Structures are given as C-alpha cells and as structure tokens.
Amino acid sequence: MPLGPGQRVLAVADDLSGAAETAAALLSRTTRTRVLLDPRTDTPAPAGTTTVFDLDSRQLSAADAAARITTVLTGLAPDTVVCKKVDSLLRGNLAAEIAALAATGRGVLLAPALPAERRTVRDGVPHTDGVPLHTGDAWRAETAAPPRSVAEALGVPVALLGLQAVRGPDHHLRAALREALATGLPVVADAETDADLDALLAATLDIDPRVVLAGSAGLALALGRTLGGGPPAPLPPPGPATRPLLVVVGTAEPVAAEQVRRLVADGAALYALDHAPSHPGPALPPLRPGITVLTPRQDGPPDPAAARSIARHLARTAAALLDTAPGPADLVLTGGETARRVLDALGVRELRPRGQVHHGAVLAETPDGRTVVTRPGSYGGADSLRLIARALRAPAARTPPTPTPTPAPPAPKPGRTSQDHAKGPFMNATPAAAAGTAPTTAGNTGALPVIAVTMGDGAGIGPEVIVPALLDPGTLGRIRPVVVGDAERLRRAAELLGLADQVEIVTVEAPADAEFTPGRINVIDLGLLPADLPWGKLSAVAGDAAYQYVRVASELALSGAVQGICTAPLNKEALHAGGHLYPGHTELLAHLTGVEEVSMMLSTDTVKVIHVTTHIGLIDAVARIEPGLVERTVRRGHDALVRAGVEHPVIGVCGINPHAGENGLFGYGEEEEKIVPALEVLRADGIDARGPLPADTAFFLAGRGDYDLIVAMYHDQGHGPVKILGLEAGVNLTVGLPVIRTSVDHGTAFDIAGTGTADPGSMIEALRQAAALAPSPTG
C-alpha cells in the first residue's frame, strides 16, 4: 500500500526520548506531528496527522505497560498505520507490550535493528557493533541479564524471517512474510542495513497495512521515507546567549562524563547532585543566563536500582532551578526517564518536534514556547552536548571594533581581466576567511593544517578522485589529510586506477595517530559499505554512510582535531534513502555545526559565485528571497573576499527575472521588492554591490574581470555559468560555518564511477584552497 501525505499514523514508545526520536523520524512537511505525554488524551487525529505517545512504561509492571498499549489502540480508525517504537537493545517491557499488540489481531512485525547506531539482528540475535548483545556490556545499567535472542526477550515462540529472505527478490520476500504472518506468531525480522528495513516495510504494507510495525527508530525512519513529504524545514535559529539553557544529564553512559566536561570547558556552569535524593541538599544558586549543566555526581559504577529515584531528584532540582531563572529558559534532557520526569515536573503534556540536531537529539517546542532537546542516554559522541548547545544558543556577542570610514572603491576599468588579481581571491587567503571566523596570520607559517577528507557516496567517483589527489606531490606540502570513509573502498579505487602498488592505505583511530609520508593515505575507517557495493548504483547504504562520514568530520572539526573539511560528492537521493533528509552538503554541515544560515560559494579562476538560495525548487526560491537574506548573503561574500586579500570587492547582484525585470516588463516587481532595498543598505555601508543585473550580462562581465563576485538568486542561475566557465578546477566553499569547508564542484558521476576515468583536478584544487583557508593547529 503506497502511503500518502494524508495518512494517519499512530506511534507509541515506552519513554520520552524514544517517542521524540520516533516523531523526528516521521516528520514530514505535509503532515502535523505531535508527541503526547498522556495516553488518556482524547484528541482524535484528523487525516494527515502523526501522533506519537510516550507511554512512560519503561519502569511499570508488565501488566500496566500492556494496559497502556491497549488504551491508545482502542477506537483507532481502521486505516491508521500503527508503529511501536521498541528499544534497539530490547530493554523495557518488550514481551508484555508485543503480546498486547498481538492481541489486537493485526499481526506484528518486529524489526529492532538500528543501523545508524550499528545495532543489527542476524539469525534472530541482536548485535551491537558486531558483538552479540548477551556477550557485550550494553546492559550494564540493567538489573536483569541481557537476552540471548529476540525470541528469548519475548518469551514466546516467534516466526523468524532471516536475512536471506529479507534480501531476496521482492516476490520471495513477500511470500516468506505472508507465510510467517499466517502462523499468528510475532514475526521477528533480521536486518543489518536501512535497505533491509526499507524492503521489510514495503513488503509488509503491500501484504497488509494493518500489521503493527514494531521496531527501533530505524524502522520508523523507513516509514518516514515512505510517507515522504520532502526535506524537513530548517531548525529554528539559536536563541540569544543571555537566555538560560539548562542541560540535565540523566544517564550513566560512560561518554556522558566527557560530554559534560567538554561543555563545561566551553564555559557552562556545572551543578553535580549527590546521590541522596531523599535528603535536601545545599541550596543551589539561581539559574544564571547562559548554559548550566545539572548531573548526578558519579562516585562509582551506576546503581540500576537507584536510577528512577535519581531521575526524580534531578527533575525536582531542575524545576526548582527553572523557577529562579531570570527569564524564559530552554532545556536539554538526556535519558528518557529523566526527560519525562523533568517535563512532568513542569506540567508539559505535549511536544511539537521540529527536527534533529544530530541523530537522536530531537529539538521540539512546547505549547508555551519553550525549546526542548531530548536525547537517549546512549546516543551521541563526546561532542554531542556541544553540538546541541550550539544549535540552541548563539555565541555571546563580541564588542565590535570602532568602524573606520571605508573609502569609495575605484570604478572597474573596462576590459579588466582576472590577471589584475594575480593570485585570485582565495590563493593567498588568511586562515578562516570563508568560514566567518577570526582570521590569523596568512600563509600558514606554523604546522600544516589537518584536513578531514570525507569520502562522499562510496558508489560514486569520490574514492577515485581522493586517491590520486592525496598522492599528488603538492598535497602533503600544503596539508595533513585524513580521510573519513571506508578503507576497503579506497583500496578498490586504487586498484581501478592502477595505483595499488603506489599507495599504502592505513587505518587510524584519530587524526593524532596519522603519519604523513608520500604514498600513505590515512583513513578513519567507519567500515559501513558492503564489499559487494556496486559502482554507479543508487544505494541507501551508501547514502547513510556518506552522512556518517560528514557527521564524524564535523565532530572532529568542532573538537579541534582537524582544522577543516574537504568533501567528496554525495548523492542527494541516496542520502534521503539512507534516512537523512537534507538538501545537500551545505545544509547538512550547517545543521551538524549548529549554524542557522550559510551560503554556498563556487570558486574558479574565471568567476566566483555566491548563492542566495540553493537546493530548493524555483518557485520556493523566489518565495524565500527577501531583502534581509539578500543583504546577509552579499555581506558573507564580501567579508570572505576581503579576508582573502581583495581590498575592495566589486560585487554584481543578479536579478530574478529575465533582463532583471526590465523596469517591470517581466515579472511582478520582484527586483524592486526583494533586491533593491538590500542593495541600498549595503551601499550605505560602503559595500560596492551593483545591480540588479541581468544574469546573462552579469556572468559575461564577470568572465572578463569586471566583477570579483556574482550573487546568484537561485541554484541554476549560478551553477550553470560556473560549470561552463570552470568546472574542471571549480571548488565549492561553504561561507558562514564555524569550520573551514571546501568541496569539489561536481557530483557523484554514477555514469563513470568504477571506470577509473574520473578527473581529480577539482579535488586537488579543493584541497589547495582548504590549505589556504584553514588555520594552523594550535596544539
């Protein structure tokens, strides 16, 4: 059954972080999504609504947990698709809840794999990072022993659907699934990748859309991809640094202490509570403006029996702190039990999800306007809280320097050529010129910057351009490159290129472990791609892997382990199929680094272009363009050029309509409404921004050297001319990020991937410009 944007969906989870994670997976631009914290809520869902209930049943008795399932399923519209979020580690009242779902007569498909967190199911046995659940330490905070299989966790017979069936031809999968459902038993499905979950979901909906879909957030993501609706709207902009942000860390996960340490190192205040919730502790000072962290004191191994009382103690303290806040305060809550207790203490009964800061870190709003980020305790790397804080809080304002009058720039001379700027705007740039960060001494006279090179879509030409680019004699003279990707895929690319005997591809744990010698390529090997991944074919697995490479590189850059990022191309359709609904690299990096707005700049020796809008439809682009966005885009481009050594940039600003509207002959006055007011403000500030210009004329004049930068209003207006004038050596820069980022100016080229014929010129140039822009390491 193909699902449309008007489909009713009901999802249930046993804790708040799981409910929020599910809601984020099901977000769609065409439907309303809500998280309700009371299973008794009597709010009939109209068509096109996704409702997620937090049953808060993780700590209940089995009977009470089953009763809550029954409550929310009573009286459902028959066409409602039901999704049960289960813990990917099989914790909680799984057996009782699956039994309650089976009692509805709908049938149950249970697929608990979560590929994004490397949690898989093979032969009915759950694995974490390739290790069977019952042999690892993922249950260290639980009072019971981990189950040896999904069937053991349920305590009842099951029908097992193995990987061979899941990955077989569609008709074989459907036949095996029909046979399994006909037994009347819960069907437990193996899965290792998002593609496996997509196949299971499609087969189940085709056979009987009434079957309950029970699984981790991985299955919810598969359902979200089926629901469609386009990429999510961007997250709201960060709030002011003066607005209080309370971070409540209610998890015993080992990484939590490091997450807190890094946030405190950034200036957050720390309140560590003693493990004596029954006794009032010392009075805490009022919640101050800025970021405050509240966490239980860790004096030894976690005590699972005390977990709920500690969560309540944290909640009471958090509520008391919020009462002392000088104004409205926002929240970050890690650990589902703690998150729920805090919101209960505040009387919050509904959340409206807006998106994810990173996987599992869900940003939502309360009906009274508070922003809340929830995150499972076991999710996120060491910089997780840093990333969340940067998404919620703008940096403290710096006192601007006293402005000095800017002399009027000289008019361009007719026939001026690009040779008049001998080295070009980015040839000898000061560090951080394109990232909007403070410049330092030009020329990188200290240690060479470490650049994370993301491998992009492994089915495309990324591996084939990275290998020769990193073997280029000039590369190691400019940077210290570390690839974030799959080592085996790079080895295959080297073989295709006939370079296997000239290169040593070495796996390293971190950039600090890398050695930089000719012929050696250092790789942080995520190992996400199957050995038989075909070249040139769209793959959800490759799309997810491309996301993970960028995620890891962003975390390395934000932590200071690398000084910049250079990206090989990803495929947007594969990225979406992998469960990551971003229009492209630019928006993904902005999201991962907590930046509200960035600009794409394309740079060649002939012409440089910055875009007001990028990866959206033309009608949407025209609607989005407004004077403030035009002004901010021009300023970002102007500042980047000035920092790169162009003292008085001359900037040509394109119109929207043919002939820039020709005084109202074309269009409906868009240029006068959306562009002219911005140009007036910019010129008053001494910025030489000219226009609105007919795009065809603007690029002709830029090609002969009259303009240092062209401002394009939408994607194809800028990309088309650049690809004609300088595709081979073109570079994509993201202007406005807190880290340096350059990229090739070409796509994944599936048509030639795997042939060994891809030109590495753009990658070599991207690495060169990353070297020019990136600061030297400080440590």
Side-chain angles (χ1 to χ4, degrees), residues 237-238 240-241 394-413 416 420-421 425-426 429-430 432-439 442 595-603 607-613 624-656 660-661 669-695 698 701-702 705-714 717-718 733-738 773:
R398 297 180 180 177
T399 303
T402 303
T404 55
T406 302
K413 299 176 182 179
R416 188 183 67 169
D420 290 339
H421 296 306
F426 292 98
T430 54
T437 56
V595 174
E596 176 188 357
E597 189 175 275
V598 296
S599 295
M600 175 190 294
M601 182 182 286
L602 303 180
S603 176
V607 63
K608 290 168 178 62
V609 182
I610 193 169
H611 292 70
V612 175
T613 66
R624 183 173 295 182
I625 296 167
E626 49 87 20
L629 179 57
V630 173
E631 179 190 343
R632 295 191 298 273
T633 303
V634 174
R635 287 187 188 277
R636 278 190 287 270
H638 174 271
D639 292 348
L641 289 172
V642 169
R643 290 172 181 171
V646 183
E647 188 174 358
H648 300 298
V650 181
I651 302 173
V653 181
C654 293
I656 297 172
E670 288 85 357
E671 282 76 16
E672 291 296 322
E673 174 190 350
K674 297 171 178 286
I675 301 175
V676 170
L679 297 181
E680 292 172 349
V681 173
L682 292 162
R683 289 167 186 153
D685 287 346
I687 294 176
D688 190 1
R690 307 180 182 188
L693 303 171
L701 296 175
D706 288 4
Y707 293 106
D708 299 297
L709 177 69
I710 293 295
V711 180
M713 291 294 130
Y714 52 89
Q717 189 181 60
L733 302 98
T734 304
V735 180
L737 290 173
L773 298 170

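Not measured: the values here are computed from a predicted model.
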- Query: Are Arg635 and Asp685 close enough, and set up right, to give a side chain to side chain contact (heavy atoms under 4.5 Å, CB included), and what steps lead you there?
  - Reply: CA-CA 10 Å; Arg635 287 187 188 277; Asp685 287 346; 2.4 Å; yes
Between Glu631 (side chain only) and Pro677 (backbone N and O only), is there a donor and an acceptor less than 3.5 Å apart?
no
Minimal heavy-atom distance between His611 and Thr633, with the atoms involved, is O-CG2, 3.5 Å
* Less than 4.5 Å apart, any side-chain heavy atom of Met713 and any of Val653? -> yes
Smallest heavy-atom separation, Glu671 atom then Gly655 atom, equals OE2-C, 3.7 Å
When rounded to the nearest 0.5 Å, the distance separating NE2 of His648 from NE2 of His638 is 8.5 Å
Cys654 and Ile710 have their tightest heavy-atom pair at SG-CG2, 3.7 Å
Applying salt bridge (Lys or Arg N to Asp or Glu O under 4.0 Å) to Glu680 and not counting sequence neighbours gives none
dist Leu629:CG -> Glu597:CD (nearest 0.5 Å) comes out at 5.0 Å
Val609 and Ala712 have their tightest heavy-atom pair at CG1-CB, 3.8 Å
*Are any non-hydrogen side-chain atoms of Pro692 and Ile656 less than 4.5 angstrom apart?*
no
Exactly one of Asp688, Val634, Leu682 clears side chain to side chain contact (heavy atoms under 4.5 Å, CB included) with Ile651, and that residue is Val634
* May I ask you to check whether Ser599 and Arg636 show a side-chain donor-acceptor distance below 3.5 Å? => yes
Test side chain to side chain contact (heavy atoms under 4.5 Å, CB included), reference Leu641, set Leu709, Ile610, Val650, output is Leu709
**Asked** Taking the side chain as C-beta and beyond, is there a heavy-atom pair between Val630 and Lys674 under 4.5 Å?
**Response** no
